[in-house]
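Okay, handing you the structure first.
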Amino acid sequence: MSDRLFSAQLDREWRRLRRHRRSIERARSWSPHVDCDVANAFATLADLDELVDATQRDGSGRGERVLLDLVRLARRDQLAGRVVVQRVLPGLISASAPYRSWSGDDDPVALAVGSLWISIHAYDDVRRCRHVAASLISDAIFKAFRQPARRRSASEEACAPHRFDELVATHASDPLTEIATALGEAGRVGVPREDIDLLANLVRVGSPQRVAADCDVTPRTIRNRRDRAIRRVRLAVASTPSRAA
């Protein structure tokens with residue numbers, strides 16, 4: 001599928017979601033869980049585009065706070081993540097265009113959106129509270145195209161981006177979203193960044209051998225690092241109380 005067709009698919013999904021009654025009700029329900037200075041933007045909206053508009057930088061920092069709140073909410077609500085995707089999509093499309101030749105038969109926009117979903121869930125909202133949209137785009141482009149582990153064989157299948165077709169109808173997460181949520185939560189509670197990045201690489205590449213080659217170490221080393229990272233993530237996630245949306 002060409003990048004133009006994939007972008008058109010996202011546009012169709014957004015047109016369906018932005019005024020859907022249940023989507024609006026869910027978005028309004030976030031208002032008690034966000035910064036009090038921006039809660040009104042959530043409580044009174046009638047169209048999800050209003051939320052996208054509220055994330056724009058306006059010199060007061062309010063837009064950044066709205067976007068940060070959406071990134072935090074995305075860890076437990078897919079709809080919040082979809083709003084973030086819509087916010088950064090124009091910049092992501094532009095930033096992925098130079099990598100069309102890197103993508104082979106794959107759509108660079110689809111690859112970038114897939115990496116963006118992981119980037120949203122792994123985002124450090126405490127240390128990176130400025131230039132949030134630009135940072136998310138940079139993270140996604142790096143993960144999709146520039147990271148050494150992304151240099152894969154032509155036969156390797158890329159992770160498909162998150163599908164939003166049934167977003168309103170169900171709260172069930174796909175495996176990629178569940179992994180990204182766990183990694184994001186683990187990073188939030190202090191699991192080292194190198195552990196998070198290693199596991200994210202293994203999810204994308206699917207082979208310790210390929211990651212080992214890119215890192216110039218043995219596959220056994222990568223497997224040992226993977227096992228330690230998994231133990232740390234499990235302990236971190238298990239010790240973190242679940243939070244209601």
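Hydrogens, waters and symmetry mates play no part in the numbers below; they use all other heavy atoms, side chains included. One is the number of the first residue; the rest follow in order along the sequence.
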Note to self: Does this structure show an ion pair linking Arg75 with Asp125, if we count only N-O contacts that are shorter than 4.0 Å?
What the structure shows: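 Answer for the salt bridge query: yes.
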Check: Quick one: does Thr55's side chain have a donor or acceptor within less than 3.5 Å of a partner on Val52's backbone?
Finding: yes
Note to self: Using a 3.5 Å distance criterion without hydrogens, assess whether the side chain of Glu50 forms a donor-acceptor pair with backbone atoms of Ala46.
What the structure shows: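 Side chain of Glu50 to backbone of Ala46, a donor-acceptor pair under 3.5 Å: yes, one is there.
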Check: Distance from Ile222 atom CD1 to Arg226 atom CZ, nearest 0.5 Å?
Finding: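 Interatomic distance, Ile222 CD1 to Arg226 CZ, rounded to 0.5 Å: 9.5 Å.
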Margin query: Looking at Arg128 and Asp139, is any side-chain nitrogen of the basic one under 4.0 Å from a carboxylate oxygen of the acidic one?
Written below: yes
Check: Can you name the closest pair of heavy atoms from Val34 and Ala39 and give their distance?
Finding: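 Closest approach of Val34 to Ala39, heavy atoms only: CG2-CA, 3.6 Å.
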Next item on the list: To the nearest 0.5 Å, tell me how far Arg18 CZ sits from Glu13 CD.
Entry: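 Here the rounded value is 14.5 Å.
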Note to self: Please check: side-chain N/O of Asp69 versus main-chain N/O of Asp35, any donor-acceptor pairing under 3.5 Å?
What the structure shows: yes
Next item on the list: List the atom of Phe145, the atom of Pro108, and the distance in Å for their closest heavy-atom pair.
Entry: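 For Phe145 versus Pro108, the nearest heavy atoms are CZ-O, 3.4 Å.
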Check: Can you tell me if Arg28 uses its side chain to pair, donor with acceptor, with the backbone of Leu45 under 3.5 Å?
Finding: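 Yes, the answer is positive, given that a donor and an acceptor are paired below the 3.5 Å cut-off.
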Next item on the list: May I ask you to check whether Gln86 and Arg82 show a side-chain donor-acceptor distance below 3.5 Å?
Entry: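 Yes, because at least one side-chain N or O of Gln86 sits under 3.5 Å from a partner of the opposite role on Arg82.
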Check: Taking Glu64 for the side chain and Cys129 for the main chain, is one N or O donor matched with an acceptor at less than 3.5 Å?
Finding: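 Checking the backbone N and O of Cys129 against the side chain of Glu64, no donor-acceptor pair under 3.5 Å is found.
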Notebook entry, point to check: Just by modelled atom types, is the Ala112 backbone N or O under 3.5 Å from a matching donor or acceptor in the Ser115 side chain?
Noted result: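 Checking the backbone N and O of Ala112 against the side chain of Ser115, no donor-acceptor pair under 3.5 Å is found.
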Notebook entry, point to check: Given Leu70 and Val66, is the side-chain contact (heavy atoms from CB on, under 4.5 Å) satisfied, shown in steps?
Noted result: CA-CA 6 Å; Leu70 286 167; Val66 173; 4.2 Å; yes
Check: Got a second to check how far Leu79's CG is from Leu17's CG, nearest 0.5 Å?
Finding: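 Going from CG on Leu79 over to CG on Leu17, the span is 6.5 Å.
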Next item on the list: Assess the side chains of Ser135 and Ser138: does a donor N or O sit below 3.5 Å from an acceptor N or O?
Entry: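 The criterion, which ignores hydrogens and geometry beyond distance, is not satisfied for Ser138 and Ser135.
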Next item on the list: Inspect the contact between Asp77 and Arg26 and indicate whether a charged nitrogen and a carboxylate oxygen are less than 4.0 angstrom apart.
Entry: yes
Next item on the list: Mind checking the CG-CG spacing from Leu136 to Leu92? Nearest 0.5 Å is all I need.
Entry: 9.5 Å
